[in-house]
Amino acid sequence: MSTLTLAAEKLTIERMFSSPELDGGTPQGVKFSPNGERLSFLKPKEKNLDVLDLWEYDLKTGKPMLLVDSDALSSAPLSEAEKARRERMRVSKTGIVEYHWSHDAKSLAFPASNDIYLYTLADK
């Protein structure tokens, strides 16, 4: 019989409120595509819960799939106008913080790094 050894980290107030969260990241901005065939959401990175990536949940297989890794996008600093807009909206996250489905459910548009991106989905 083998013995399992676990390394325990001391739980401090600082650790409780630092990233990553103890219970992992919670999906945000969950949306069905206009045709109801896809489910998309924003998910925090495991190592930094303040940065969001764009994901899809496959309704047939029940598995999540990363669509757009925000690290792969250009990393230009946000303009003052964008910083002010996010502050008014009370958005404190970075990466992909919002997105919109096209009417035909074939692509997703999202702002990031002072630019607008269009992600075209592969046919299922």
Side-chain angles (χ1 to χ4, degrees):
M1 179 178 207
S2 65
T3 306
L4 178 63
T5 305
L6 298 174
E9 177 183 342
K10 183 176 179 180
L11 187 60
T12 64
I13 296 293
E14 291 80 14
R15 176 61 192 100
M16 288 174 57
F17 293 100
S18 66
S19 189
E21 293 179 21
L22 297 173
D23 63 351
T26 304
Q28 303 171 23
V30 177
K31 298 178 186 178
F32 277 100
S33 62
N35 62 7
E37 294 179 3
R38 297 175 180 265
L39 181 65
S40 56
F41 59 95
L42 300 172
K43 180 180 172 189
K45 292 187 175 296
E46 288 185 19
K47 300 285 185 185
N48 186 348
L49 297 179
D50 291 330
V51 181
L52 302 174
D53 295 325
L54 183 57
W55 287 73
E56 176 183 14
Y57 178 81
D58 190 317
L59 298 171
K60 292 179 182 169
T61 65
K63 295 183 180 179
M65 178 178 73
L66 177 64
L67 295 178
V68 181
D69 183 342
S70 61
D71 288 342
L73 306 174
S74 66
S75 58
L78 295 176
S79 66
E80 292 303 316
E82 179 62 12
K83 287 179 187 176
R85 184 183 79 83
R86 288 185 180 193
E87 187 173 324
R88 285 190 303 277
M89 293 175 54
R90 291 186 165 67
V91 173
S92 62
K93 307 285 185 188
T94 60
I96 302 169
V97 297
E98 63 181 297
Y99 67 97
H100 305 279
W101 278 98
S102 64
H103 293 292
D104 62 5
K106 293 184 179 183
S107 58
L108 296 152
F110 56 91
S113 302
N114 297 317
D115 211 345
I116 296 177
Y117 293 86
L118 182 67
Y119 180 83
T120 302
L121 296 153
D123 289 329
K124 284 195 166 191

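For the single chain, residues carry numbers from 1 onward in sequence order. Side-chain atoms are counted along with the backbone in the values below, which use heavy atoms only and exclude waters and symmetry mates. Quick caveat, the model's predicted, so the values are computed rather than measured.
For Glu14, there are no salt bridge (Lys or Arg N to Asp or Glu O under 4.0 Å) partners, not counting sequence neighbours. For Trp101, the side-chain hydrogen bond (donor to acceptor under 3.5 Å, both in side chains) partners are Ser40, not counting sequence neighbours. With sequence neighbours excluded, no residue forms a side-chain contact (heavy atoms from CB on, under 4.5 Å) with Ile116. By the side-chain hydrogen bond (donor to acceptor under 3.5 Å, both in side chains) test, Ser33 is found to be paired with Asn35, residues two or more places apart in sequence or in another chain being considered. Judged as a side-chain hydrogen bond (donor to acceptor under 3.5 Å, both in side chains), and not counting sequence neighbours, the contacts of Ser102 are Asp104, Ser107.
Taking 4.5 Å as the limit, some side-chain heavy atom of Leu121 sits within range of a side-chain heavy atom of Leu67. A 4.5 Å side-chain heavy-atom check between Leu42 and Leu54 finds at least one atom pair inside the cut-off.
Of all the heavy atoms in Phe41 and Tyr99, the pair that sits closest is N-OH, 3.5 Å. The minimum heavy-atom distance linking Val30 with Leu39 is given by the pair CG1-CD1, 3.5 Å. Closest approach of Lys45 and Asp53 over heavy atoms only: NZ-OD2, 2.9 Å. Annotation for Pro34 and His103: closest pair CB-O, 3.7 Å, computed over non-hydrogen atoms. The two atoms that bring Ala112 and Leu73 nearest to each other are CB-CD1, 3.7 Å, heavy atoms only. The two residues Pro64 and Trp55 have their closest heavy-atom pair at CB-CE3, 3.9 Å.
Hydrophobic clustering keeps Leu118 apart from Ile96 (ILVMFWY residues linked when any side-chain heavy atoms are closer than 4.5 Å, directly or through intermediates).
Here the CG atom belonging to Leu59 is positioned 9.0 Å from the CD atom belonging to Glu37, to the nearest 0.5 angstrom. Remark: Phe110 CZ to Leu52 CG distance equals 12.0 Å, nearest 0.5 Å. Note: Lys60 NZ to Arg38 CZ = 9.0 Å, rounded to the nearest 0.5 Å. Taken to the nearest 0.5 Å, the OH atom of Tyr57 stands 10.5 Å off from the NZ atom of Lys63.
At most 12 non-hydrogen atoms from other residues, nucleotides or ligands lie less than 6.0 angstrom from NZ of Lys106.
For the pair Lys43 (side chain) and Leu66 (backbone), a donor-acceptor distance under 3.5 Å is absent.
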